[in-house]
Asker: 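Quick one: this structure, given as C-alpha cells, is what I'll be asking you about.
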Amino acid sequence: MNSLKTTPAIFGGPFALPTAETFSLDGYARVFTRGNFITNYSNSLIVTVSAVVLTVVFSTLAAYALVEYRLTALVPILTGLFIIGVMLPIRLGTIPIIKIMVAWGIMDTLLALILVYTAMSIPLAVTLMMTYFRTVPTELKEAARMDGANEWQTFLIALPLVRPGLAAVATVTMLPIWNDLWFPLILAPGKANQTVTLGVQQFVGQFLNDYPALLAALTLGAVPLVLLFTVFSRQFISGLSQGYSK
C-alpha cells in the first residue's frame with residue numbers, strides 16, 4: 001500500500017490508503033529503470049521452474065521404486081538416507097558444494113543453483129511421495145501387469161492417483177527456492193545471474209532512503225509467493241496434510 005504513495009504520504013499516514021493526491025508509481029518506475037528486476041525475475045523463474053520439474057520427476061520415480069521393490073536389500077538403506085537428507089540442512093555442505101561447482105566449471109551460473117536446489121529438495125519430496133504411492137491399491141498394479149503392462153506403464157497407471165502429492169511436492173519445493181538468499185549470494189552473485197531475492201537485498205542496500213522504491217522492490221519480491229499461495233493454497237494444504245497423515 002505504501003509503495004503506491006509518495007514519501008511525504010508514507011510518513012504522514014503509513015496506514016492510510018493512497019488517494020488521488022498521494023498516489024504515485026514513481027517507486028516502481030525507479031525499480032525498473034535503476035534496478036535489474038527484469039533479469040532477476042527471469043533468472044528466478046528459470047531456476048525455480050527447472051528445479052521443481054527435476055525434483056518432481058526424480059522424486060516420483062525414486063519413491064515409486066522404493067515402495068514397489070521392497071525385497072531389494074538397498075531399499076531400507078536408501079530410504080534412511082533420504083530421511084537423513086530431510087534432517088540435515090544442505091547449508092552445512094556449502095564449502096564442499098563450492099568446491100564441486102568450481103571443479104565442474106559452473107560457478108556463477110544458473111545451472112549451479114538448479115543442481116543444488118534439486119538436491120536440496122529431493123529428500124523431502126521422496127519421503128512425501130512414498131506415503132502417496134503406498135496408498136495406491138496393489139490390486140490395480142497387479143491387474144495392469146497381468147494385462148501385459150511393463151513397469152513403466154504400471155507406473156503411469158498409478159501416477160494419476162498421487163496427483164495431490166505431486167501438487168504438494170511442487171509447492172513445497174517452489175517456496176524455499178524462490179525465497180532463498182544463501183546460495184544465490186554464494187554460487188551466482190554476478191549481476192547477470194542474480195535472482196529476485198538477491199536483487200531485492202542489494203536494491204534495499206542501495207536505495208535505503210528512497211522509501212517508495214524500497215517498498216516497491218520488497219512488494220515485487222513478495223508478489224509471486226502471494227499469487228502462488230492464493231492459487232494453490234487448497235492443493236498445498238490438502239496434499240501436505242494428507243501426505244503426512246498417511
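The model shown is predicted, which means the values in this text are computed figures rather than measured ones. Numbers here are sequence positions counted from 1. In what follows, every heavy atom counts, from backbone to side chain, and hydrogens, waters and symmetry copies are set aside.
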Asker: Applying a strict under-4.5 Å side-chain criterion to I, L, V, M, F, W and Y, I'd like to know whether Phe183 and Val49 cluster together.
Answerer: yes
Asker: Check for me, please, whether Met146 and Trp152 land in the same ILVMFWY cluster - side-chain distances under 4.5 Å, paths through other members count.
Answerer: no
Asker: Before you tell me yes or no, could you show the steps for Phe133 and Phe155 under side-chain contact (heavy atoms from CB on, under 4.5 Å), namely the whole-Å CA-CA distance, both residues' side-chain angles and the distance that decides it to 0.1 Å?
Answerer: CA-CA 10 Å; Phe133 276 115; Phe155 167 75; 3.8 Å; yes
Asker: Does Ile38 share a hydrophobic cluster with Tyr28, counting links as ILVMFWY side-chain heavy atoms below 4.5 Å and allowing steps through other members?
Answerer: yes
Asker: Please report the interatomic distance CG(Leu198) to CG(Leu187), rounded to the nearest 0.5 Å.
Answerer: 11.5 Å
Asker: Measure the CD1-CG distance between Ile106 and Leu111 for me, rounded to the nearest 0.5 Å.
Answerer: 4.5 Å
Asker: The test is side-chain contact (heavy atoms from CB on, under 4.5 Å); show your working for Thr94 and Arg91 and say whether it passes.
Answerer: CA-CA 5 Å; Thr94 298; Arg91 288 172 179 80; 4.1 Å; yes
Asker: Mind checking whether Ile77 and Tyr64 sit in one hydrophobic cluster, side chains of I, L, V, M, F, W, Y counted as touching below 4.5 Å?
Answerer: yes
Asker: Look at the side-chain heavy atoms of Ile, Leu, Val, Met, Phe, Trp and Tyr, link any pair under 4.5 Å apart, and say whether Leu124 and Ile83 land in one connected group.
Answerer: no
Asker: Donor-acceptor pair, Asn2 side chain versus Leu215 backbone, under 3.5 Å?
Answerer: no
Asker: Test your reading of the model: is there a side-chain donor-acceptor pair from Lys5 to the backbone of Ala16, 3.5 Å cut-off?
Answerer: yes
Asker: For the backbone of Glu68 and the side chain of Lys141, can you confirm whether one donor and one acceptor N or O come within less than 3.5 Å of each other?
Answerer: no
